[in-house]
Amino acid sequence: MSETPSNTLQYRFDGPEEAPVLILGPSLGTTWHMWDRQVPELAQQWRVLRFDLPGHGGAPAHPAGSVAELTARLLATLDSLGVQRFGYAGCALGGAVGVELALRHPERLASLALIAASPRFGTADEFRQRGVIVRTNGLDPIARTAPDRWFTGGFAAAQPAITDWAVQMVRTTDPGCYIAACEALAAFDVRPELGRVGVPTLVLVGSEDQVTGPAEARTLVAGIPDARLAVVPGASHLVPVEQPAAVTDLLVTHFSTAWQPVFDSATGQTALPAALVKPAQAQPAQVQPIAEIAPAPADPAAVRPDPYDTGIKIRREVLGDAHVDRELAQADAFSADFQDFVTRYAWGEIWDRPGLDRRMRSCVTLAALVAAGHAEELAPHTRAALRGGLTPDEIKEVLLQTAVYCGIPAAHRAFRVAQQVIREETTPAE
């Protein structure tokens with residue numbers, strides 16, 4: 001067990017101290033106990049390190065809003081323990097951390113297993129709406145439906161104790177950390193980068209997984225050069241819990257046979273095992289330039305991002321992909337310039353300014369729309385405000401304020417629109 005500063009993760013070790021380190025990463029809403037059935041056998045060959053996500057399993061509630069931040073905390077934990085090189089297996093969000101390690105820190109990673117993982121988890125809108133539900137209703141609705149997402153119906157019915165364990169595990173998670181993890185998954189998309197994963201990779205998925213199923217697994221295998229697919233029959237999303245023996249056997253086989261030699265980041269070369277290294281004959285020293293360094297641009301503005309690129313990113317983050325896709329799809333030769341104008345100046349300039357955070361900008365936007373009588377724009381911006389972190393009570397207070405300064409009829413229309421959006425966004429799916 002560990003004392004946990006805010007920049008590290010809660011962890012535990014199992015297995016012999018001299019063995020190579022194998023890390024097991026959890027799924028959103030779970031704790032390191034999801035790996036309990038794998039540890040006894042894995043710990044015979046490896047020094048197994050399990051970690052908890054922030055606010056999960058009693059870990060300190062220091063939210064991490066991106067996969068990169070979670071990965072940095074894991075590496076800080078490993079650095080504090082003197083662990084430089086390791087194998088890694090991660091489930092779902094834990095799998096996203098594994099891909100991040102392979103892309104940004106290949107010198108640390110010897111072998112990789114991605115379980116119930118995806119290069120992009122659903123859509124950003126789905127995870128941001130889940131955050132709205134948790135912020136409004138707490139974690140109980142998510143906890144009650146967790147067994148439906150995680151297990152096949154037959155397993156859930158036959159294993160009521162495990163089903164109850166799953167519900168309680170989610171219910172006791174810190175809501176703020178859960179919401180931050182949803183934001184991390186909403187922003188995660190490495191589809192264009194999969195070809196740069198250079199470590200031996202096992203992609204493992206349950207045949208009945210309805211969250212990140214075989215289709216997502218095949219996308220990973222198609223994109224990662226040295227990846228192999230294993231489909232476990234009769235298992236859903238939390239496959240290490242539902243089919244522990246099959247998962248254990250697959251992990252033992254993979255990490256026993258696919259452990260990449262040490263990568264030297266200074267030379268960009270992979271070290272050969274000592275037995276394979278042949279003495280080299282003396283050669284005159286030659287220095288070859290690796291790359292030519294380009295001169296820094298004289299004008300810092302020359303490297304400023306295109307406001308359109310910034311704007312479309314922020315517009316999607318605030319309003320959601322579905323809304324922006326509809327707006328852009330409706331544009332034609334007549335209105336395309338207007339869409340470009342809005343994206344560049346409203347979203348790429350004003351919404352990108354550092355003076356106000358997005359919650360405050362949503363408050364100002366809602367008030368301005370009520371004042372100007374633009375009821376038709378209130379629905380998408382109410383939805384954006386919820387997904388950006390405002391609670392229904394905070395939106396109510398904004399609209400009550402507009403009733404005083406913009407008039408009761410305008411506020412009445414706004415309340416009708418906002419009420420419908422809030423019902424849609426905060427009602428948990430059955």
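Computation of the quantities below employed the complete heavy-atom set of this structure, encompassing side-chain atoms and omitting hydrogens, waters and symmetry-equivalent molecules. This one's a predicted model, so the numbers in the text were calculated from it and none came from an experiment. Residue numbers run from 1 in the order of the sequence given.
Rounded to the nearest 0.5 Å, atoms SG (Cys177) and NE2 (His56) are 7.5 Å apart.
A salt bridge does not link Asp309 to Lys313: none of the charged side-chain nitrogens sits closer than 4.0 Å to a carboxylate oxygen. The existence of a salt bridge linking Glu193 and Arg104 is confirmed by a sub-4.0 Å separation between a basic side-chain nitrogen and an acidic carboxylate oxygen. A salt bridge does not link Asp189 to Arg316: none of the charged side-chain nitrogens sits closer than 4.0 Å to a carboxylate oxygen.
Of the residues Ile179, Thr426, Asp140, the one that meets the side-chain contact (heavy atoms from CB on, under 4.5 Å) test with Val134 is Ile179.
In this structure the side chain of Leu204 reaches within 4.5 angstrom of the side chain of Val247, judged on heavy atoms. Counting heavy atoms from C-beta outward, Gln38 and Arg50 have side chains that stay 4.5 Å or more apart. Residues Val48 and Trp35 form no side-chain contact, since every pair of their non-hydrogen atoms from C-beta on lies 4.5 Å or further apart. Looking only at side-chain heavy atoms (C-beta outward), Leu93 and Leu70 come within less than 4.5 Å of each other. Looking at heavy atoms from C-beta onward, Cys91 lies in side-chain contact with Leu238 at the 4.5 angstrom threshold.
Taking the six-membered ring where the residue is Trp, Tyr11 and Phe13 present perpendicular rings, their angle passing 60° and hence far from 30°. In this pair, Trp347 and His381 present their aromatic rings parallel. The plane angle is below 30°, not in the 30 to 60° band. The aromatic rings of Trp46 and Trp259 sit parallel to each other, their planes meeting at less than 30°, with 60° as the upper class boundary.
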Evaluation steps, salt bridge (Lys or Arg N to Asp or Glu O under 4.0 Å), between Arg387 and Asp125 | CA-CA 8 Å; Arg387 296 182 180 184; Asp125 292 351; 3.7 Å; yes
Could you walk me through whether Glu242 and Thr152 pass side-chain hydrogen bond (donor to acceptor under 3.5 Å, both in side chains), step by step?
-> CA-CA 8 Å; Glu242 191 162 6; Thr152 60; 2.4 Å; yes
side-chain hydrogen bond (donor to acceptor under 3.5 Å, both in side chains) between Thr343 and Asp340, intermediate numbers included = CA-CA 5 Å; Thr343 301; Asp340 182 84; over 6 Å; no
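The two atoms that bring Pro147 and Ala143 nearest to each other are CD-O, 3.6 Å, heavy atoms only.
Applying the side-chain hydrogen bond (donor to acceptor under 3.5 Å, both in side chains) definition to pairs two or more places apart or across chains, those involving residues 67-84 are Glu69-Arg73, Asp79-Arg108. Counting only residues at least two apart or in different chains, side-chain hydrogen bond (donor to acceptor under 3.5 Å, both in side chains) contacts with residues 355-364 comprise Glu317-Arg358, Arg359-Glu394.
For Arg344, the CZ atom counts as densely surrounded, since its 6.0 Å shell holds more than 12 non-hydrogen atoms of other residues, nucleotides or ligands. Summarising the local packing, CD of Glu17 is surrounded by 12 or fewer heavy atoms from other residues, nucleotides or ligands at distances under 6.0 Å. Residue-environment remark: CD1 (Ile408) stays at or below the threshold of 12 foreign heavy atoms within 6.0 Å. The number of heavy atoms from other shown groups lying within 6.0 Å of CZ (Arg228) does not exceed 12.
Side-chain N or O atoms of Thr310 include none that pairs as donor or acceptor with a backbone N or O of Gly348 at under 3.5 Å.
At a cut-off of 3.5 Å, with distance as the only test, a side-chain donor of Gln420 or Glu424 sits close to an acceptor on the other residue.
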